[in-house]
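Below is one structure, written out as structure tokens, with a few remarks after it.
Hydrogens, waters and symmetry mates play no part in the numbers below; they use all other heavy atoms, side chains included. Proteins get letters first, then strands, A, B, ... in listed order; numbering begins at 1 in each.
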There are 2 protein chains.
Amino acid sequence: MSQQLLLSFKKDVSLIEPEETEQLVLQSSNRSLTFKQARSGLKTALKTLADGGATLVELNQMVQQDDGNFLALRFYVYLQKFSNLGWLCHSVLAEGKAIAIAVPITSDYQFPYTEVAVNSKYMLSRFTYCHQVSGQLLLESPLSQTQVLLLDWKGTALFSQLAKPYSCHELVTGIPGISLETVKQFVSLLLSTQMLSEASEDGTIQEQANTTLAQWEFHDLLFHTRSRLGRHANPSGGTYRFSGKIEPIPALKPRMSEEAIELYKPDLETLKTTEASFTQILEARKSIREYGETPITAQQLGEFLYRVARVKQLIQTERTEIAQRPYPSGGALYELELYLAINSCDRIPSGLYHYHPLAHQLCRISDRTETVEALLDDARQSIGQQSMPQVLIVIAARFQRLAWKYESMAYAVMLKHVGILYQTMYLVATAMELAPCGLGHGNSDSFTKATGCDYYAETSVGEFALGSQVKA
Amino acid sequence: MSQQLLLSFKKDVSLIEPEETEQLVLQSSNRSLTFKQARSGLKTALKTLADGGATLVELNQMVQQDDGNFLALRFYVYLQKFSNLGWLCHSVLAEGKAIAIAVPITSDYQFPYTEVAVNSKYMLSRFTYCHQVSGQLLLESPLSQTQVLLLDWKGTALFSQLAKPYSCHELVTGIPGISLETVKQFVSLLLSTQMLSEASEDGTIQEQANTTLAQWEFHDLLFHTRSRLGRHANPSGGTYRFSGKIEPIPALKPRMSEEAIELYKPDLETLKTTEASFTQILEARKSIREYGETPITAQQLGEFLYRVARVKQLIQTERTEIAQRPYPSGGALYELELYLAINSCDRIPSGLYHYHPLAHQLCRISDRTETVEALLDDARQSIGQQSMPQVLIVIAARFQRLAWKYESMAYAVMLKHVGILYQTMYLVATAMELAPCGLGHGNSDSFTKATGCDYYAETSVGEFALGSQVKA
């Protein structure tokens, strides 16, 4: 445990003294600790932790002075317990004022205090990021169990220097009005919270030697740690945090144009009795990246869309409107929309369309403009073939359908829905003897340009290529 | 266009003077511009832009002096063109030294220069983040088409103050050695690159008034913009960037324990001819969150896993080993693994297992420990029912299988795979008259604790509840 850093309780830990007892209770949101007979030294130390904090040496003196050596040792064990519970913050002081404070964001917390060597060089982890949250500047990292609040420009100035390997000695000369002691504490704090890594003489840092970690990109690991439960303290799940503040958007996207093509509806009851078995289709499914000379027909496209993505029913619930469609969707919110960039389809002119899933119509958005051509060409490259898909289905998300209900996990749930839709499309296309292929990526900015959608309200998140099969 | 900021070409724009001609060519990675008869003033200005840069006024003087007024006006049009192409960087100087430089990261670039009002307050967007990339400190934002390099602690110090609403006048007093002119330029730069937002008198910022944007979380929008093509200049797709540097991991995860249960294999050929039609199953699929009194059997579990997730074949390609399984996977890399937390199953003891997809066995990892209990209990809560799922299937990703090949999009592709697997499980469970339910989230840290996996090498990314149906 650090001798120099200031120790204090996290804000959500409160100290309660039940009247007419010698008891003292420490209470957090999910845990409480009762001290049955708290002596005066312990009381003083705990009150100090709850109110501003002190260094380990100072706290130890408080207990030792009033309660004696033996209880001072026991206090040290308590401190370790508080630390493991994620109750203890560690602060760096400059001229008596905290410039940075490390706040635990998990229970089952580790703060492996690491003293720095004055001449060793340290460098920021490529996973550490600094951003504004509710008017505070936070350092966070998917490798860390901590948020470090930067309370003064001096802390941020030190942080910025550490983008390159620096020793404490070098750091102290670059920035006015900072002592070596402060620099050492600051570097220790970031090192103990996995925000920094030690640099070797060749300028590489320890973190880079880890070939597993090396294969994680910043945005992927950040997203993974924040969208899953675990190493963060953010609310997660169906929290409905915008309820009463922002109106939820309707289940059905308003019609995008009056120019609509009625689509063919298959007779599902006939299909149920005549079509191949489920196992037959599942086992036969494969990606097909070559297309027949005779293009897919309007009837096939109608049947495909009906079986994959029609709206069976809209249901008004107490909070919001939900839907029923052939594939599953979290909360029955169905945020995904289908756009068709048609290259060649018998009886449907080339161009861009939106699928209206309740009316079962294609609403025309545009001709085959330059942007539509770019979408189709991106898809051709993504498939890695010379020929363009006959139909590119662009899957877009009306993201706020999910975000209004779900917190932390909304985008992750949405991408799972995209996968669910891919497999539904694969299987329906296999049953219909069409050529299906799910694509890896696409350009969301091109999509908004092609459709006129607001990038933040609805943008593309998946692409699926479809066409007729080459005849044997 | 700004009068004060320093203009310069982006590093990838080079200036070529073909010998014995009056031509001058500007060349970037994907575009070139030829000036057929470049006069001396224009040459000087373009060379200055390529080598250090100058302000608009200085550049204009260079052209005007040598080439005259008319060509100086035309030069202004060229500058606008360079800006739109994403070729022009804008820098803020302090005492002649650049402290921040805005570098375009898209073509089709906009730099809507916004002069600041000295007494207006500004505050960092909650989407702006600062991090170390290759030894440089970068400001980025999913709202921005720019990366701002912070080249000096003074820039970072100003950035840190802006976590709260500040006017330029207030900023200049807080940090030693910065002039009001520098502060104004810095704030202008961040405002013109969508890193800042103007604050109202009540301390809220413009950004907050946008109810669409308000529903995006930081990690979601960051991930979306970086995993999709569009507003960034990062490499994307199957780039194989670790080839020759890091060994790819094998397609098959090594067996996790020798204590293995052989699983039942269904006769697929019989199923193909006797089972209900695909449409019948697709249309009947639904989430079922209640379970029968008689638990799912080992035979059912065996059949389910075989139909959903067995490895049909391993194939060694030139670069890496790939596989064939019943559901589709990008690059046939199959990074997903199935873990079964068994609450109740006839003939399989409660505990945690790994599914070996080639041997078609369950490898025992542990008894029903406290951590396994926690996984099951999380699932119960996630389903929102009183009863625990009979079997919780935890889907984990051996992430480096994908990351070794794919850049920018690896995690997004992986979540689509999870969705594909969900729908495959839903449909197989429906065909088998079991009770399926895909879950929204789970705890990845609990998973690594329960299995002993390295969080960065393999961690959970999806959960699926399974059991027997309640008998009618």
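- Contact annotation for B:His417: neither backbone nor side-chain heavy atoms come within less than 4.5 Å of a heavy atom of chain A.
- Although no hydrogens or angles enter the test, the distance criterion places a donor-acceptor pair under 3.5 Å between the side chain of A:Ser125 and the main chain of A:Phe127.
- Within the 6.0 Å centre-distance limit, the rings of B:Tyr455 and A:His224 are counted as a close aromatic pair.
- When heavy atoms are compared at a cutoff of 4.5 Å, A:Leu221 approaches chain B solely by way of its side chain, counted from C-beta outward.
- Interface remark: B:Thr225 contributes backbone and side-chain atoms alike to the contact with chain A (heavy atom separation under 4.5 Å).
- In this structure the side chain of B:Ile420 reaches within 4.5 angstrom of the side chain of B:Pro328, judged on heavy atoms.
- Using a 4.5 Å cut-off between heavy atoms, A:Ser460 touches chain B through backbone and side chain atoms alike.
- Side chains of A:Pro266 and A:Leu271 form a contact here, defined as non-hydrogen atoms less than 4.5 Å apart.
- Residues A:Arg228 and B:Asp445 have side chains not in contact (no heavy-atom distance under 4.5 Å, counting atoms from C-beta outward).
- There is no contact between B:Ser446 and chain A, counting heavy-atom distances below 4.5 Å.
- Contact annotation for B:Pro142: only backbone heavy atoms (N, CA, C, O) come within less than 4.5 Å of a heavy atom of chain A.
- Counting heavy-atom pairs closer than 4.5 Å to chain A, the top residue among B:Thr273, B:Thr430, B:Thr459, B:Ile249 is B:Thr459.
- Less than 6.0 angstrom separates the ring centroid of A:Tyr426 from the ring centroid of A:Phe464.
- Proximity to chain A is limited to the side chain of B:Ala431, based on heavy atoms less than 4.5 angstrom apart.
- Cation-pi geometry between B:Arg310 and B:Tyr306 is satisfied (NZ or CZ under 6.0 Å from the ring centre, within 45° of the ring normal).
- By the 4.0 Å N-to-carboxylate-O rule, A:Asp108 lies close enough to B:Lys449 to be salt-bridged with it.
- Residue contact with chain A, scored on non-hydrogen atoms closer than 4.5 Å, involves the side chain of B:Ile246 exclusively.
- For B:Ser444, the parts lying under 4.5 angstrom from a heavy atom of chain A are both the backbone and the side chain.
- Heavy-atom distances place no part of B:Thr448 under 4.5 Å from chain A, backbone and side chain included.
- Neither the backbone nor the side chain of B:Phe447 comes within less than 4.5 Å of any heavy atom of chain A.
- Chosen from B:Asn234, B:Ile205, B:Leu143, the residue pairing most often with chain A at heavy-atom distances under 4.5 Å is B:Leu143.
- Across B:Asp454, B:Val428, B:Val413, the residue that shares the most heavy-atom pairs under 4.5 angstrom with chain A is B:Val428.
- Contacts of A:Gln400 with chain B are made by both backbone and side-chain atoms, with heavy-atom separations under 4.5 Å.
- Of the two parts of B:Leu139, neither the backbone nor the side chain holds a non-hydrogen atom closer than 4.5 Å to a non-hydrogen atom of chain A.
- For the 3.5 Å distance criterion, the side chains of A:His441 and A:Glu463 fail to qualify, holding no donor opposite an acceptor.
- The candidate from B:Phe399, B:Tyr422, B:Phe242, B:Tyr129 with the greatest count of non-hydrogen atom pairs under 4.5 Å with chain A is B:Phe399.
- Across every non-hydrogen atom of B:Pro176 and A:Trp153, the tightest pair is CD-CZ2, 3.3 Å.
- In this structure, chain B has heavy atoms under 4.5 Å from both the backbone and the side chain of A:Thr211.
- Between chain A and the residues B:Arg231, B:Glu275, B:Met414, B:Lys164, the largest count of heavy-atom pairs under 4.5 Å involves B:Arg231.
- In this structure, chain B has heavy atoms under 4.5 Å from both the backbone and the side chain of A:Ser408.
- Heavy atoms of B:Lys286 lying under 4.5 Å from chain A are absent altogether.
- At a 4.5 Å heavy-atom cutoff, the contact between B:Leu124 and chain A is made by backbone and side-chain atoms alike.
- Comparing B:Cys130, B:Gly230, B:Ala403 by how many heavy-atom pairs each has under 4.5 Å with chain A, the most go to B:Cys130.
- Residue pairs meeting the salt bridge (charged side-chain N to carboxylate O under 4.0 Å, His left out) criterion with at least one partner in residues 401-421 of chain A, sequence neighbours excluded, are A:Arg241-A:Glu407.
- Using a 4.5 Å cut-off between heavy atoms, A:Lys154 does not touch chain B at all.
- Of the two parts of B:Glu283, the backbone and the side chain both hold a non-hydrogen atom closer than 4.5 Å to a non-hydrogen atom of chain A.
- Side-chain contact between A:Arg307 and B:Thr279 is present, with heavy atoms from C-beta onward closer than 4.5 Å.
- Heavy atoms of B:Arg126 lying under 4.5 Å from chain A belong to its backbone as well as its side chain.
- Aromatic ring centroids of A:Phe223 and B:Tyr411 lie under 6.0 Å apart.
- No side-chain heavy atom of A:Leu150 sits under 4.5 Å from any side-chain heavy atom of A:Leu138.
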Inset, instruction - In sequence, state the C-alpha distance, the side-chain angles, and the governing distance for A:Arg226 and B:Glu217, and then conclude on side-chain contact (heavy atoms from CB on, under 4.5 Å). - result: CA-CA 10 Å; A:Arg226 293 306 182 254; B:Glu217 289 182 77; over 6 Å; no
